[in-house]
Amino acid sequence: MHGLNPPQKEAVAYVGGPLLVLAGAGSGKTRVITEKIAHLIATGRHEARHIAAITFTNKAAREMRERVAKRVKGEAAEGLMVTTFHSLGLRFLQIEHERAKLRRGFSIFDGDDQMAIIKDLATPGLKNDALYSIQNLISAAKNNALSPEQAAEAARSAREREAAGIYARYQARLQAFNAVDFDDLIRLPLTLLEADPDLAAGWRERIRYLLVDECQDTNGAQYRLLRQLAGTKGNITCVGDDDQSIYAWRGAQPENLDLLGQDYPNLKVIKLEQNYRCTSRILRCANTLIAKNPHAHLKQLWSQHGDGEPVRVWACTNNEHEAERVAAEIHYLHQGKEIPWGEMAILFRGNHQSRPLEKALQLLRIPYHLTGGTKFLDRAEVKDALCWLQVLANPDNDAAFLRAIAAPKREVGATTLEKLSAMAQQAGLPMSVAAGQVGFLKQLTPRAAAGLDEFSRIVDRLRDAAEKVTPAELVPMLAEQSGLLAMVRSQCKDEASFLRRKANLEELASWFEGARGGGPGELAAQLALLSNADRGEPGNAVRLMSLHAAKGLEFRAVFVVGCEDGNLPHEASLEENRLEEERRLMYVGITRAKERLYLSHSAEIKRWGSVDHLLPSRFLDELPPGDLLRDGTDPERETAEKKQRGRAHMDAIAALFGDG
């Protein structure tokens with residue numbers, strides 16, 4: 001436990017019952033979890049194979065796994081489970097698939113697959129907003145572990161009753177396709193564990209100690225799953241921060257931290273309040289702001305880093321002026337203070353705020369990375385091509401088959417696919433293989449049979465071609481022969497948009513460059529590598545991202561823009577008097593900054609051709625005045641700084657035109 005502060009040591013050593021570690025921003029919570037895993041193994045209390053650590057993202061799980069590997073060497077770490085909630089649920093269902101009425105090799109449907117089924121089941125002509133509302137209501141029901149019948153009983157509005165009806169048929173469709181969606185990865189294990197005490201006891205024997213990161217972000221079903229796995233003994237350490245709970249919109253319930261105390265009366269609570277990230281001024285702003293929220297356990301973060309620079313509060317004319325000031329300051333910090341581009345970030349409430357910022361950064365040739373755009377592998381035509389490749393590489397992949405058969409559509413509807421799935425299940429065959437069997441096709445309508453037969457012939461041709469060409473050469477062949485390229489052309493209103501989407505398929509082919517030929521086996525290996533590729537890493541570039549996306553990150557200089565009432569806090573929270581989560585969002589933004597923090601607001605903004613006048617965010621008035629440097633409060637300093645920034649800005653413009 002060398003190098004840990006006293007509360008961290010106490011959290012690592014405590015194994016006398018359930019433990020809640022309230023870990024403030026930058027207080028070293030990941031190290032506490034890592035050290036506790038090492039402590040449990042080193043003291044012989046639990047073997048690694050009986051310990052599970054759960055977090056929310058694959059990236060966090062990977063980083064934690066790497067840290068544990070450095071602390072626990074060789075065979076001692078064998079069998080340790082460091083995973084996400086969904087990965088744990090998937091492992092459970094792979095082991096208990098028969099109890100869940102699933103066949104081995106079941107598919108996992110993503111949001112697009114889910115929406116395609118909902119659209120097919122909903123009233124024809126329903127608009128996208130209504131469809132997304134139904135999708136969200138079904139997801140919310142699952143996140144509360146409600147069955148379709150329970151969702152119907154709980155429905156209060158016409159839309160909720162409609163969603164509950166679609167939910168029942170949606171689940172039947174998933175069962176027919178031997179598939180689950182991501183919400184089922186939590187709901188189904190929970191349902192089975194709550195219904196079968198012997199099964200729950202068996203899994204508690206398998207997982208004898210549980211550690212949970214970001215516990216404030218759990219939804220209802222996830223919390224109940226933790227309760228089932230921890231049992232009445234409560235061999236569990238939960239680490240979280242109620243002040244950083246900013247995901248209520250996706251079902252997170254920070255009150256789960258309070259529930260722990262009710263469910264486990266012997267719960268021990270340890271606070272981690274020493275911050276290793278921020279200057280004292282930044283922490284005083286964060287503490288003063290978040291103290292306005294109600295707390296069961298109030299924390300007071302402190303740091304040994306000294307006061308540092310005052311927090312700057314900028315009053316800008318409009319969002320273009322704001323963007324220019326931010327870009328000029330970033331350029332100055334890089335040139336004058338030698339802060340690397342990648343150590344600076346611009347944070348905003350909504351992604352739409354990035355446009356003037358990007359323009360200002362481009363003008364000064366400042367490299368930047370925008371988080372939150374559509375990921376390349378999530379583009380529709382790219383996903384369609386990948387599903388075709390997956391069918392070629394692995395005929396058992398029913399989820400890939402279901403997407404590929406619809407790209408383009410071949411007169412094969414949902415009823416045909418349900419019937420094909422039932423026949424394939426009875427024969428013990430994957431759907432893509434059954435689609436090529438004459439005996440099965442005879443039982444379908446002539447039009448549907450012709451569509452499936454055509455699909456199977458194309459798959460056979462492309463699978464033969466995969467033996468002779470490289471994956472990079474196969475992609476354009478697939479796009480042409482499958483009809484995918486023709487489908488994309490038919491969907492585009494003009495040649496420019498078609499060429500953009502065609503270029504995406506060409507870029508996909510380039511991702512396989514360097515891979516050798518070798519048939520479906522080599523293709524499957526390349527697809528596995530592709531799915532794990534960390535494409536789009538920011539590198540040494542200024543980060544632009546939403547406040548939600550910034551959680552867990554830190555930078556030497558942080559700019560929180562758009563600090564106006566109606567934006568931060570958002571107008572919906574103002575109308576409904578829900579300020580607590582918006583205040584937590586501001587708190588997260590403040591505590592991303594290690595050395596320098598800038599909070600800016602605009603007097604007006606152009607929207608839909610008109611100008612809206614704005615008021616500064618009320619949160620700015622909740623910050624300690626002595627730690628702020630507002631525009632106009634120190635004219636002498638501002639004049640000197642303007643000269644410095646002005647020279648740096650003009651030098652950058654001169655360099656820009658000088659290069660031409």
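Just so it is clear, the structure is predicted and the values come from calculations on it, not from any experiment.
Residues Gln228 and Ala200 share a closest heavy-atom pair of OE1-CB, 3.7 Å. Nearest heavy atom pair, residue Arg224 against residue Asn144, reads NH1-O, 3.4 Å. In plain terms, the two heavy atoms of Tyr223 and Asp263 that are nearest each other are OH-OD2, 2.5 Å.
In this structure, Lys299 pairs ionically with Asp242, as a charged nitrogen and a carboxylate oxygen lie closer than 4.0 Å. Taking 4.0 Å as the cut-off between side-chain N and carboxylate O, Arg355 and Glu358 do not count as a salt-bridged pair. We find that Glu329 and Arg312 are not joined by a salt bridge, their nearest charged nitrogen and carboxylate oxygen being 4.0 Å or further apart. Between Glu554 and Arg592 no salt bridge is recorded (no basic side-chain N to carboxylate O distance below 4.0 Å). Lys292 has no carboxylate O lying under 4.0 Å from a charged side-chain N of Glu580, or vice versa, which leaves the two without a salt bridge. A salt bridge does not link Arg637 with Asp631: every distance from a Lys NZ or Arg NE/NH1/NH2 to an Asp or Glu carboxylate oxygen is 4.0 Å or more.
For Asp184, the salt bridge (Lys or Arg N to Asp or Glu O under 4.0 Å) partners are Lys142, Arg187, not counting sequence neighbours. Taking the side chain to side chain donor-acceptor pair (under 3.5 Å) definition, one finds that Glu582 meets it with Arg349, sequence neighbours left out. Legend: residues meeting side chain to side chain donor-acceptor pair (under 3.5 Å) with Lys594, ordered by chain and number and at least two apart, are absent. Judged as a side chain to side chain contact (heavy atoms under 4.5 Å, CB included), and not counting sequence neighbours, the contacts of Ser133 are Leu137, Arg159. Remark: Glu149 engages Ser147 in a side chain to side chain contact (heavy atoms under 4.5 Å, CB included) (not counting sequence neighbours). Legend: residues meeting side chain to side chain donor-acceptor pair (under 3.5 Å) with Asn235, ordered by chain and number and at least two apart, are absent. Partners of Phe555 by ring pair (Phe, Tyr, Trp, His ring centres under 6.0 Å), not counting sequence neighbours: none found. Legend: residues meeting side chain to side chain donor-acceptor pair (under 3.5 Å) with Asn293, ordered by chain and number and at least two apart, are Arg583. In terms of the ring pair (Phe, Tyr, Trp, His ring centres under 6.0 Å) criterion, residue partners of Tyr209 (sequence neighbours excluded) are, by chain and number, His46. Among residues two or more places apart in sequence or in another chain, the salt bridge (Lys or Arg N to Asp or Glu O under 4.0 Å) test is passed with Arg91 by none. With sequence neighbours excluded, the residues forming a ring pair (Phe, Tyr, Trp, His ring centres under 6.0 Å) with Phe56 are Phe85, listed by chain and number.
Distance alone, capped at 3.5 Å, places no donor-acceptor pair between the Glu35 side chain and the Val32 backbone.
Side-chain contact, Glu564 with Ser617: no donor N or O sits under 3.5 Å from an acceptor N or O. Between the side chains of Ser602 and Asn319, no donor-acceptor pair of N or O atoms lies under 3.5 Å. For the residue pair Asn287 / Tyr587, no side-chain donor-acceptor distance below 3.5 Å is found, with atom types taken as modelled. A donor-acceptor contact closer than 3.5 angstrom is absent between the side chains of Ser27 and Asn275. Glu10 and Gln8 are not linked by any side-chain donor-acceptor pair at a separation below 3.5 angstrom, with hydrogens and angles left out of the test.
Counting heavy atoms of neighbouring residues, nucleotides and ligands inside a 6.0 Å radius, atom CZ of Arg578 exceeds 12 of them. Taking a 6.0 Å sphere around OH of Tyr132, one finds it holds 12 or fewer heavy atoms contributed by other residues, nucleotides or ligands.
At least one cation-pi condition fails for Arg325 and Phe559: the charged atom is not both under 6.0 angstrom from the six-membered ring centre and inside a 45 degree cone around its axis.
Under the salt bridge (charged side-chain N to carboxylate O under 4.0 Å, His left out) criterion, the residue pairs touching residues 280-289 are Arg281-Asp627, Arg284-Asp307, Arg284-Asp627, with sequence neighbours excluded.
Counting heavy atoms from C-beta outward, Thr55 and Thr30 have side chains that stay 4.5 Å or more apart.
Between atom CG of residue Leu257 and atom CG of residue Asp241 there is a gap of 8.5 Å, rounded to the nearest 0.5 Å.
Using a 30° and 60° split on the angle between ring planes, Phe182 and His86 fall in the perpendicular class, above 60°.
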